[in-house]
Amino acid sequence: MPMGHTATQQAGSGGLKATEHRLANGLRVVLSEDHLTPVAAVCLWYDVGSRHEVKGRTGLAHLFEHLMFQGSAQVTGNGHFELVQGAGGSLNGTTSFERTNYFETMPAHQVELALWLEADRMGSLLTALDEESLENQRDVVKNERRQRYDNVPYGTAFEKLVAMAYPEGHPYHHTPIGSMADLDAASLEDAREFFRTYYAPNNAVLSIVGDIAPEQTLAWVEKYFGSIPSHEAKRPPRDGTLPEVIGGQLREVVEEEVPARALMAAYRLPHDGTRESDAADLALTVLGGGESSRLHNRLVRRDRTAVAAGFGLLRLSGAPSLGWLDVKTSGGVEVPAIEAAVDEELARFAEEGPSPQEMERAQAQIEREWLDRLATVGGRADELCRYAVLFGDPQLALTAVERVLDISPEEVRAVAAARLRPDNRAVLVYEPVQGAEDAAETAEAADTDAEGEAAQ
């Protein structure tokens with residue numbers, strides 16, 4: 001093993017195993033060997049997201065998700081995409097409240113290329129970062145905001161609910177996309193300082209999963225990442241602590257060109273990584289996770305007052321998680337009728353809890369989703385990084401479903417009774433205005449975007 005490494009013992013679940021190593025500069029490396037198919041995934045998580053941003057400079061973490069593909073010392077312009085795709089691989093990056101990640105899935109014999117590319121931009125992005133690339137990607141992000149948020153039906157719903165659920169000054173008060181004003185205000189020096197602070201090996205976890213030779217892979221990691229210096233100036237994120245419940249119902253009515261009335265709400269739920277969070281996930285799955293859920297059966301099938309009804313969980317580790325309710329009304333149905341039915345179902349669930357059949361179905365649904373993620377090399381690499389960055393232990397990714405299956409029906413009922421209450425939610429009511437019929441064609445696309453944002 002190359003000098004500068006320390007390693008932990010292997011642990012695994014269901015035949016999946018992972019080993020963790022650390023370079024002298026602080027980079028954590030997680031390997032999971034799997035020779036089922038001749039492909040491998042490289043995933044790099046940086047411990048930086050929108051919660052690390054300060055007022056007046058929101059959107060920098062997401063802006064860097066774009067800037068990291070704009071060239072580095074050895075790779076100019078669009079070269080990162082061209083090299084990966086030319087080698088038969090795929091790649092992307094995403095930003096959330098709590099992290100930024102970059103990932104490639106490659107033919108197994110091209111893993112070294114992906115490692116070299118990630119190391120080159122980690123170690124030398126500032127060499128290529130100039131006013132031209134900043135302005136170019138600033139415009140790209142602003143257009144993304146227009147297309148996904150500002151100019152589609154219900155596009156700013158998530159942003160509005162987050163701002164209500166997390167008060168002014170809270171690190172989660174703004175979403176990763178940032179505001180137009182802050183994007184315009186970001187200077188080249190702001191961008192450079194942000195990169196120097198957070199894009200360092202001691203603030204990252206690198207996972208490599210698939211058809212790899214561990215010793216050779218570690219040698220490549222040492223070769224390309226080992227000389228990148230660590231950076232100790234990172235500021236910890238601001239405290240995200242909040243009361244368990246909001247303490248009252250926050251409410252906003254939005255009159256826009258939308259195709260139908262809508263009731264949306266955000267509930268404060270337990271932090272990710274706790275038994276209570278797993279219990280909340282099961283509760284929301286029973287209540288609004290798919291066409292067999294209580295809310296879908298009540299509102300869409302039985303009452304026919306809604307065309308869609310769902311409940312999902314945005315897991316957060318540094319602040320209370322969010323339960324996201326989304327109901328689109330049918331025909332001329334008024335929102336108060338929908339809201340009364342929702343409250344009735346939540347109150348009944350808080351009193352009775354899930355039936356044995358509902359509990360089994362919800363646990364099976366979450367288990368299937370977990371298996372789907374770990375079944376692909378890219379999904380497994382991402383999960384290993386997630387648990388390493390947010391909870392300090394990548395091995396937890398391999399046993400996550402065991403903790404969900406251990407939750408009792410009473411725990412599910414209790415978290416619903418404690419949290420899914422009218423005094424613990426931010427409510428957004430959409431009322432259509434003239435011209436709403438023009439928005440109908442894009443409503444389905446807007447729903448998909450909102451769901452993707454909430455899942456990140």
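- Side-chain contact between E232 and N202 is present, with at least one heavy-atom pair separated by less than 4.5 Å.
- For Y172, the ring pair (Phe, Tyr, Trp, His ring centres under 6.0 Å) partners two or more places apart in sequence, or in a different chain, are F97, Y166, H170.
- Taking the side chain as every heavy atom from C-beta outward, L284 and W324 never approach each other to under 4.5 Å.
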Discussion item. Working note: T399 + R403, criterion side-chain hydrogen bond (donor to acceptor under 3.5 Å, both in side chains); need CA distance, chi angles, decisive distance, verdict.
Written reply: CA-CA 7 Å; T399 57; R403 295 184 289 279; 2.9 Å; yes
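- At a cut-off of 3.5 Å, with distance as the only test, a side-chain donor of R99 or T94 sits close to an acceptor on the other residue.
- The salt bridge (Lys or Arg N to Asp or Glu O under 4.0 Å) contacts involving residues 355-364 comprise R294-E358, where partners must be two or more places apart or lie in separate chains.
- With sequence neighbours left out, E255 forms a salt bridge (Lys or Arg N to Asp or Glu O under 4.0 Å) with no residue at all.
- With sequence neighbours left out, F64 forms a ring pair (Phe, Tyr, Trp, His ring centres under 6.0 Å) with F194, F195, Y199.
- Shown here are the salt bridge (Lys or Arg N to Asp or Glu O under 4.0 Å) partners of D272, two or more places apart in sequence or in another chain: R315, R386.
- Across Q363, E367, E369, a single residue satisfies side chain to side chain contact (heavy atoms under 4.5 Å, CB included) together with Q365, and that is E369.
- Using a 3.5 Å distance cut-off with no hydrogens or angles, the side chains of E53 and H62 do not pair a donor with an acceptor.
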Identify each donor-acceptor pair in which a side-chain atom of residues 407-417 lies under 3.5 Å from a protein atom, sequence neighbours left out, and give them as a table.
| residue | atom | partner | partner atom | Å |
| --- | --- | --- | --- | --- |
| S408 | OG | E411 | N | 3.2 |
| S408 | OG | E411 | OE1 | 3.3 |
| E410 | OE1 | R413 | NE | 3.1 |
| E410 | OE2 | R413 | NE | 3.4 |
| E410 | OE2 | R413 | NH2 | 2.8 |
| E411 | OE1 | R275 | NH2 | 2.8 |
| E411 | OE1 | S408 | N | 2.9 |
| E411 | OE2 | R275 | NE | 3.0 |
| E411 | OE2 | R275 | NH2 | 3.1 |
| R413 | NH1 | A350 | O | 2.7 |

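- Here the side chains of N101 and C385 are not in contact, with every heavy-atom distance at 4.5 Å or above.
- Side-chain contact between V221 and L206 is present, with at least one heavy-atom pair separated by less than 4.5 Å.
- Applying the ring pair (Phe, Tyr, Trp, His ring centres under 6.0 Å) test to pairs two or more places apart or on separate chains, those with a residue in residues 292-315 are Y267-F311.
- Side chains of H52 and R235 form no contact here, defined as non-hydrogen atoms less than 4.5 Å apart.
- Atom CG in L325 sits 9.0 Å away from atom CD in E339 (nearest 0.5 Å).
- Remark: side-chain polar atoms of R28 are paired, donor with acceptor, to backbone N or O of G392 under 3.5 angstrom.
- With sequence neighbours left out, R138 forms a salt bridge (Lys or Arg N to Asp or Glu O under 4.0 Å) with E135.
- Applying the side chain to side chain contact (heavy atoms under 4.5 Å, CB included) criterion to A309, with sequence neighbours excluded, gives L295, L299, V300, V327.
- The neighbour count for R304 CZ, taken as heavy atoms of other residues, nucleotides or ligands under 6.0 Å away, does not exceed 12.
- In this structure, the side chains of H21 and T19 come closer than 4.5 Å at one or more pairs of heavy atoms.
- A heavy-atom distance below 4.5 Å is found between the side chains of I177 and E144.
- Looking only at side-chain heavy atoms (C-beta outward), F103 and L44 stay at 4.5 Å or farther from each other.
- Cation-pi geometry between K328 and Y154 is satisfied (NZ or CZ under 6.0 Å from the ring centre, within 45° of the ring normal).
- Residue pairs meeting the ring pair (Phe, Tyr, Trp, His ring centres under 6.0 Å) criterion with at least one member in residues 232-260, sequence neighbours excluded, do not occur.
- Sorted by first and then second residue, the pairs that involve residues 195-205 and meet salt bridge (Lys or Arg N to Asp or Glu O under 4.0 Å), not counting sequence neighbours, are E189-R196, E193-R196.
- Annotation: salt bridge (Lys or Arg N to Asp or Glu O under 4.0 Å) contacts of D239 (sequence neighbours excluded): none.
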